[in-house]
Participant: 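What follows is a single structure, and I will ask about it in a moment.
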There are 2 protein chains.
Amino acid sequence: MRYSRQNKILDIINTHEVETQEKLVSLLKKSGYRVTQATISRDIKELQLVKTLSPSGKYKYTVGTNVDQPISDRYVKIFKETIQTVAYSGNIIVVKTLHGCANAACEAIDNLNFPNVVGSIAGDNTIFLVVNNPDNAPELVNKFNEMIK
Amino acid sequence: MRYSRQNKILDIINTHEVETQEKLVSLLKKSGYRVTQATISRDIKELQLVKTLSPSGKYKYTVGTNVDQPISDRYVKIFKETIQTVAYSGNIIVVKTLHGCANAACEAIDNLNFPNVVGSIAGDNTIFLVVNNPDNAPELVNKFNEMIK
DNA sequence: TTTCAAAATGAATAATTATGAATCAATAAT
DNA sequence: ATTATTGATTCATAATTATTCATTTTGAAA
């Protein structure tokens, strides 16, 4: 449930001022994720979160706005590990993911910038992708299936 | 020595991959600054540096690109505490600062966005500001003197 | 100058974070 | 089914960082 948890972590730090990893552990517990600080430390490393000064003068974790590095490897990885099946009908591609991971997977897809995708929406374990033209759907589905094979 | 040191810290982290505060301590020592990790911790807080992942997978300190907060207080402070005298001749304003602080002060001035200043250059303890029109120099000099009074 | 207040720093330490090693779970290979 | 293999996680702890408290330094006021 790693990606689902990391997604929740992003949620949490966007809505709370999280001063320490221990705080994050207890906030996650409220959402049903039982993990230790060690795991959080690794999640934070992967998500490239940073401890910054909040305006109040306290430290808090935020998403790092790093320009330089190719973060896309990470997206490919999320993509591969969370997506279960891909299908289409007309100009809609339906992507099934692991439970709770649709958001993370959807963001990965967005960031991978596939051609002909004009929009996306994610639920809990399903993503709808809108393709500009129904003709392009099969090719995209093939590409997706290649990636997760 | 504080602002001069912090300026050097910015130098260092832009040219080295500094993994820990202790590393920074020893790099600073090579430049003649003898301080302890405690001081560095405070400098880092003030400079709002963040520990990020470098592409190599190691941690390193970098300047945080924080959008939200009013950092300008800090510039005013640097301005007030490092600038010694202000004078002008024609369209050039000459600012004297504490030894080694011209760069920090100059950056502060840049960020404070004074009107009619078209350019700036900093040495070790002197800054030249180019004003768009000699007529505007006296007013600016007055403003500066007000600020450091 | 002397004195006082405020700021900066260091020493020591508390608090926090990162990581090696062991464990567990899931999956693939035999 | 049994055994490797791999990845994720925890536990324990090392490493790192933040902070408290004491001391020194600095700067201003008398």
Side-chain angles (χ1 to χ4, degrees), chain A residues 1-9 13 17-29 32-54 56-62 64 73-74 77-78 80-82 84 98-101 104 148-149, chain B residues 1-9 13 17-29 32-54 56-62 64 73-74 76-78 80-84 98-101 104 148-149:
Chain A
M1 279 291 101
R2 176 150 141 269
Y3 294 113
S4 162
R5 180 185 64 240
Q6 292 186 352
N7 207 43
K8 173 59 75 176
I9 289 176
I13 68 164
E17 299 228 333
V18 182
E19 282 185 63
T20 68
Q21 298 183 0
E22 289 295 351
K23 291 262 172 65
L24 200 43
V25 169
S26 59
L27 286 172
L28 279 171
K29 183 139 49 190
Y33 295 90
R34 315 194 80 256
V35 281
T36 62
Q37 174 270 325
T39 300
I40 299 299
S41 173
R42 290 176 177 118
D43 283 342
I44 282 174
K45 190 170 190 172
E46 277 191 24
L47 292 168
Q48 298 188 220
L49 302 183
V50 295
K51 207 176 175 182
T52 54
L53 261 196
S54 76
S56 65
K58 297 271 192 177
Y59 280 108
K60 76 171 215 188
Y61 279 100
T62 60
D73 277 1
R74 171 167 160 71
K77 200 171 169 222
I78 293 177
K80 287 177 131 162
E81 302 196 19
T82 61
Q84 306 283 72
L98 295 176
H99 174 70
C101 295
I148 62 180
K149 95 106 224 94
Chain B
M1 278 280 104
R2 179 150 141 267
Y3 294 113
S4 161
R5 180 186 63 241
Q6 292 186 352
N7 207 42
K8 174 59 75 176
I9 288 175
I13 68 163
E17 299 228 334
V18 182
E19 282 187 61
T20 68
Q21 298 183 0
E22 290 294 352
K23 291 262 172 62
L24 201 40
V25 169
S26 59
L27 287 171
L28 279 170
K29 183 138 53 191
Y33 296 90
R34 317 194 78 255
V35 281
T36 61
Q37 174 269 326
T39 299
I40 300 298
S41 173
R42 291 185 272 246
D43 283 343
I44 282 174
K45 189 171 190 173
E46 277 192 22
L47 292 168
Q48 300 189 219
L49 302 183
V50 295
K51 206 177 177 183
T52 54
L53 261 196
S54 77
S56 65
K58 296 272 192 179
Y59 279 108
K60 77 173 216 190
Y61 280 100
T62 59
D73 277 1
R74 169 167 161 71
V76 173
K77 200 170 169 222
I78 293 176
K80 288 176 130 164
E81 301 195 20
T82 60
I83 289 177
Q84 306 283 69
L98 296 176
H99 174 69
C101 295
I148 63 179
K149 95 106 220 93

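We name chains A, B, ... by the order of the sequence lines, and we start the count at 1 in each one.
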Participant: Just the atom pairs and distances: protein N or O near nucleotides 13-16 of chain D's N or O, under 3.5 Å.
Facilitator:
unit_1: dT16(D); atom_1: O3'; unit_2: Lys51(B); atom_2: NZ; d: 3.4

Participant: Nearest whole Å is fine: how far is dG7(D) C1' from Asp43(A) CG?
Facilitator: 13 Å
Participant: Rounding to a whole Å, what distance do you find between Leu53(B):CG and dT19(C):C1'?
Facilitator: 14 Å
Participant: Is any side-chain heavy atom of Ile9(B) less than 4.5 Å from a side-chain heavy atom of Leu49(B)?
Facilitator: yes
Participant: Measure from CZ on Arg2(A) to C1' on dA25(C) and round the result to the nearest Å.
Facilitator: 15 Å
Participant: Measuring from the side chain of Ala38(B) (C-beta onward, heavy atoms only), which nucleotide among dT10(D), dA18(C), dA12(C) has the closest atom?
Facilitator: dA12(C)
Participant: Please give, in whole Å, the distance from dT17(D) P to Tyr59(B) OH?
Facilitator: 11 Å
Participant: Calculate the interatomic distance between Ile44(A) atom CD1 and dT19(C) atom P; express it in whole Å.
Facilitator: 12 Å
Participant: dT9(D) phosphate, OP1 or OP2: any side-chain N/O from Arg5(A) under 4.0 angstrom?
Facilitator: yes
Participant: Between atom CG in Leu49(A) and atom P in dT17(C), what is the gap in whole Å?
Facilitator: 12 Å
Participant: Does Lys45(B) place a side-chain N or O at less than 4.0 Å from the phosphate oxygens OP1/OP2 of dT19(D)?
Facilitator: yes
Participant: Any chance you could measure Arg34(A), atom CZ, to Lys29(A), atom NZ, to the nearest 0.5 Å?
Facilitator: 5.0 Å
Participant: Find out whether Val50(A) and Thr62(A) are in side-chain contact, i.e. whether some heavy atom of one side chain is under 4.5 Å from a heavy atom of the other.
Facilitator: yes
Participant: Determine the sole option in Lys23(B), Glu17(B), Glu19(B), Lys51(B) for which the side chain to side chain contact (heavy atoms under 4.5 Å, CB included) test with Tyr61(B) is passed.
Facilitator: Lys51(B)
Participant: Closer than 4.0 Å, any side-chain N/O of Ser41(A) to the OP1 or OP2 of dA18(C)?
Facilitator: yes
Participant: For the pair made of CZ in Arg42(A) and P in dC11(D), what is the distance, rounded to whole Å?
Facilitator: 12 Å
Participant: For Ile9(A) and dA8(D), give me the distance from atom CD1 to atom C1', rounded to whole Å.
Facilitator: 14 Å
Participant: Under a 4.5 Å cut-off applied to non-hydrogen side-chain atoms, are Lys58(A) and Leu53(A) in contact?
Facilitator: no
Participant: How far does CG of Leu24(A) sit from NZ of Lys8(A), to the nearest 0.5 angstrom?
Facilitator: 11.5 Å
Participant: Tell me, do Ile40(B) and Leu28(B) make a side-chain contact under 4.5 Å, heavy atoms counted?
Facilitator: yes
Participant: Starting at the 5' end of DNA chain C and moving along, which residue's nearest nucleotide shows up first, Thr36(B) or Ile40(A)?
Facilitator: Thr36(B)
Participant: With a cut-off of less than 4.0 Å, is there a side-chain N or O of Thr39(B) near OP1 or OP2 of dG10(C)?
Facilitator: yes
Participant: Would you state whether a donor and an acceptor, one from the side chain of Arg34(B) and one from the base of dG10(C), lie under 3.5 Å apart?
Facilitator: no
